[in-house]
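Mind looking over this structure? Questions follow.
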Amino acid sequence: MIIMALDHVRDFFGNYAINPTNVAATTVPLFFTRWVTHLCAPTFFLLTGTGSYLALRRRSTSELARFLWTRGLWLIFLDAVVVRCLGLQFNFDYRVTVLNVLWALGWSMIALSALVRLRPKVVTIFGAILIAGHNLVDGVQPASLGPLAGLWTMLHSPGFLLPGPEHTVLMGYPLIPWIGVTAVGFGLGSVYDWTAARRQRVLLRTGLALIAGFVVLRALNVYGDPVPWTTQPSGVFTALSFLNTMKYPPSLAFLLMTLGPALCFLALLDRGTPRLLRPALIFGRVPLFYFLVHLTLIHAAAVAVCLFRYGDAQWMFESNRLDQYPFTQPPDWAFGLPVVYLVWLLVVLAMFPLCVWFAGVKQRGRSPWLSYL
């Protein structure tokens, strides 16, 4: 969650005209500033499934299915309305709308609400098939499917659900592979019924196996990612090309590359949270609150800086075209990475007391509506 904020700060304070993973235009620091944040979304979806399995300790299967269904719908609403209008774009004109991570998480929870009635092993196999096999249909284009084009865009091929000209809706997170990760996460939850030693051993070995699988699969350069890596003018940039796997939708190589380290990290943290990281636990107690508020805080900080630099901030409320998403960059706006990292640190520090406060509200509160946050 902390690393995620770095990517969002870069969106608002960096130069969004430069794709940080385009090896022909990027720098090594910029590439890894973006690359390290790839770990976030796969881990969120994986642990959505794991948390759902663990919830069976205090809920019946029917209760869990209803919980996942209702919270999934809630996340879809939050993504399309609250995140879009009060977080990323600061306007209500819906000229440009990008359906992002909460949208996909919501649909994944709805899908899981049906899958939880199956045995965890079956759910795991189903998820693994989606992850491993979805690249087989990379060549299927929405335009070839006629009236099913919109459905295929939602499921696998990122693109426009509504192409404009007055209003544009872009599918940022196609659902098939993300539902697969969530399903595998549900199966992963069963390892938390094991002894600690066995669980830690399996998490670490599985994580290392996924990393090794990524290296082998990517080296073969035949399957697992629609964009093969290529030899670059230097060895460093060839390595960047090797690591530059597709996130939209997440390829098999991308998921091996990110879920492997995630499982290794889970194995290490299973022994106890290091003292240095314990303050971060407060963010995990109020994750949705953190997600919603940190986006608004970053955008508000950009508005303040814009007012200071230009005496006006109209650009921060305008996103009339996709190339002006999530806002229209003022002239000479982009800051370098040192400023991006400084703003990131300040945002995380500012979020800490807010999350402490809301964690207290949740702990003291009796209203069932608090469970929606």
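Residue indices begin at 1 and follow the sequence shown. From a predicted model like this one, the values you see are computed outputs, not experimental measurements.
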Indicate the ring-plane relationship of Trp35 and Phe32, choosing parallel, tilted or perpendicular according to the 30° and 60° boundaries.
-> perpendicular
Carboxylate-amine/guanidinium contact Asp225 Lys247, below 4.0 Å = no
Does a donor on one side chain sit under 3.5 Å from an acceptor on the other, for Arg218 and Asn244?
-> no
Reference residue Leu204; test side chain to side chain contact (heavy atoms under 4.5 Å, CB included); the match among Leu208, Thr206, Val202 = Leu208
State whether a side-chain donor-acceptor pair under 3.5 Å links Gln232 with Thr230.
-> yes
Pair Arg10-Asn15, side chain to side chain donor-acceptor pair (under 3.5 Å): steps then yes or no = CA-CA 8 Å; Arg10 184 189 56 78; Asn15 185 354; over 6 Å; no
Compute whether any side-chain donor of one residue and acceptor of the other, for Arg84 and Thr97, lie under 3.5 angstrom apart.
-> yes
When the ring planes of Trp333 and Phe335 are compared, do they come out parallel, tilted or perpendicular, using 30° and 60° as the limits?
-> perpendicular
Is there a donor-acceptor contact under 3.5 Å linking the side chains of Thr33 and Tyr341?
-> yes
Which of these, Phe13, Phe12, Trp315, sits in a ring pair (Phe, Tyr, Trp, His ring centres under 6.0 Å) with His299?
-> Phe12
Does the ring centre of Phe90 sit less than 6.0 Å away from the ring centre of Phe327?
-> no
Salt bridge present between Asp270 and Arg198 (N-O < 4.0 angstrom) = no
With Leu75, which of Ile110, Val83, Leu105 fulfils side chain to side chain contact (heavy atoms under 4.5 Å, CB included)?
-> Leu105
Could you tell me which non-hydrogen atom of Leu263 sits nearest to which non-hydrogen atom of Leu203, and how far apart they are?
-> CB-O, 3.7 Å
Under the ring-ring contact (aromatic ring centres under 6.0 Å, His included) criterion, do Phe242 and Phe214 qualify, and how do the steps go?
-> CA-CA 10 Å; Phe242 189 89; Phe214 160 72; 5.7 Å; yes
Run the side chain to side chain donor-acceptor pair (under 3.5 Å) check on Asp193 and Tyr53 step by step: do they pass?
-> CA-CA 10 Å; Asp193 295 330; Tyr53 178 90; 2.4 Å; yes
Indicate yes or no for a side-chain donor-acceptor contact from Gln363 to the backbone of Gly360 under 3.5 Å, with no hydrogens or angles considered.
-> no
Determine whether the side chains of Ser319 and Gln324 contain a donor N or O and an acceptor N or O closer than 3.5 Å.
-> no
Salt bridge Arg321-Asp323, side-chain N to carboxylate O under 4.0 Å = yes
